[in-house]
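Structure first, then comments.
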Amino acid sequence: MTDVDRGYTGLDPQPYAPVSGNLADLLERILDKGIVIAGDIKIDLLDIELLTIRLRLFIASVETAKKAGIDWWETDPALSSRAARDALAEENARLRARLDALEDAAEETVEAVR
């Protein structure tokens with residue numbers, strides 16, 4: 001058997017040593033770079049699409065996710081107290097504006113009756 005038949009022309013039969021690493025190193029690398037897992041599930045019956053589920057999973061550290069433009073946890077009121085306060089303040093402002101409009105309309109009605 002020649003070197004060409006074996007597919008390797010070097011002296012060492014194993015050109016690359018197996019990489020030994022632990023789970024912490026692997027997790028650190030994944031969180032630093034990020035990983036995307038995507039999949040689609042589609043259910044058809046007699047060529048009629050009944051259900052389509054698209055799954056997208058992005059695993060990364062907070063810093064990596066922010067670099068990718070993902071920061072939904074900062075604006076979700078269920079996950080962020082600041083977002084909850086902002087949502088409450090926004091609702092309060094809308095209700096105050098609505099109340100002011102109703103009071104103005106009531107005053108105009110009273111003046112029109114006089």
Side-chain angles (χ1 to χ4, degrees):
M1 183 179 213
T2 66
D3 287 339
V4 174
D5 293 333
R6 286 186 298 190
Y8 176 68
T9 59
L11 299 174
D12 188 7
Q14 288 187 337
Y16 302 105
V19 177
S20 63
N22 58 20
L23 185 59
D25 293 336
L26 178 64
L27 185 59
E28 181 180 349
R29 186 176 306 160
I30 288 173
L31 291 178
D32 184 46
K33 300 293 182 185
I35 185 171
V36 175
I37 300 170
D40 295 340
I41 299 171
K42 187 174 179 184
I43 300 174
D44 293 342
L45 180 64
L46 300 174
D47 293 332
I48 299 171
E49 185 176 323
L50 297 177
L51 178 66
T52 298
I53 300 172
R54 303 187 107 192
L55 303 172
R56 304 293 181 260
L57 178 63
F58 178 62
I59 301 172
S61 67
V62 171
E63 293 83 20
T64 304
K66 284 184 177 182
K67 287 178 188 175
I70 301 170
D71 62 353
W72 52 264
W73 59 87
E74 291 180 350
T75 58
D76 188 346
L79 299 173
S80 169
S81 60
R82 184 183 64 208
R85 283 192 307 269
D86 292 347
L88 187 60
E90 183 180 319
E91 181 182 13
N92 193 2
R94 280 195 322 265
L95 289 173
R96 286 182 186 274
R98 189 172 173 191
L99 180 61
D100 290 342
L102 287 172
E103 287 176 347
D104 291 343
E107 286 177 12
E108 289 175 5
T109 304
V110 169
E111 289 178 10
V113 172
R114 288 183 188 173

Do you reckon Leu31 sits in the same ILVMFWY cluster as Leu26, going by side-chain contacts under 4.5 Å, direct or chained? yes
Strictly distance-based, threshold 3.5 Å: is any side-chain N or O of Thr109 a donor or acceptor partner for the main-chain N or O of Ala105? yes
Glu90: salt bridge (Lys or Arg N to Asp or Glu O under 4.0 Å) partners, not counting sequence neighbours: Arg94
Student check: side-chain heavy atoms of Ile41 and Thr52 closer than 4.5 Å: no
Atom CD1 in Ile48, atom CG in Asp44: separation rounded to 0.5 Å? 9.0 Å
Between atom CD1 of Ile43 and atom CG of Leu50, what is the distance when rounded to the nearest 0.5 Å? 7.5 Å
Spell out, as yes or no, whether a donor-acceptor pair under 3.5 Å connects the side chain of Asn22 to the backbone of Asp25. yes
Are Leu27 and Ile37 grouped together when hydrophobic residues (ILVMFWY) are joined by side-chain heavy atoms under 4.5 angstrom apart? yes
Crowding at CZ, Arg56 (>12 non-hydrogen neighbours, <6.0 Å): yes
Determine yes or no for a side-chain-to-main-chain donor-acceptor pair under 3.5 angstrom, with Thr64 supplying the side chain and Lys33 the backbone. no
Ala65 and Ala60: which non-hydrogen atoms are nearest, and at how many Å? N-CB, 4.3 Å
Taking atom CZ of Arg96 and atom CG of Asn92, what is their separation to the nearest 0.5 Å? 4.5 Å
Counting C-beta onward and ignoring hydrogens, is there a side-chain heavy-atom pair between Ile53 and Leu55 closer than 4.5 Å? yes
Within this structure, what is the CZ-CD distance for the pair Arg98 and Glu103, rounded to the nearest 0.5 Å? 13.0 Å
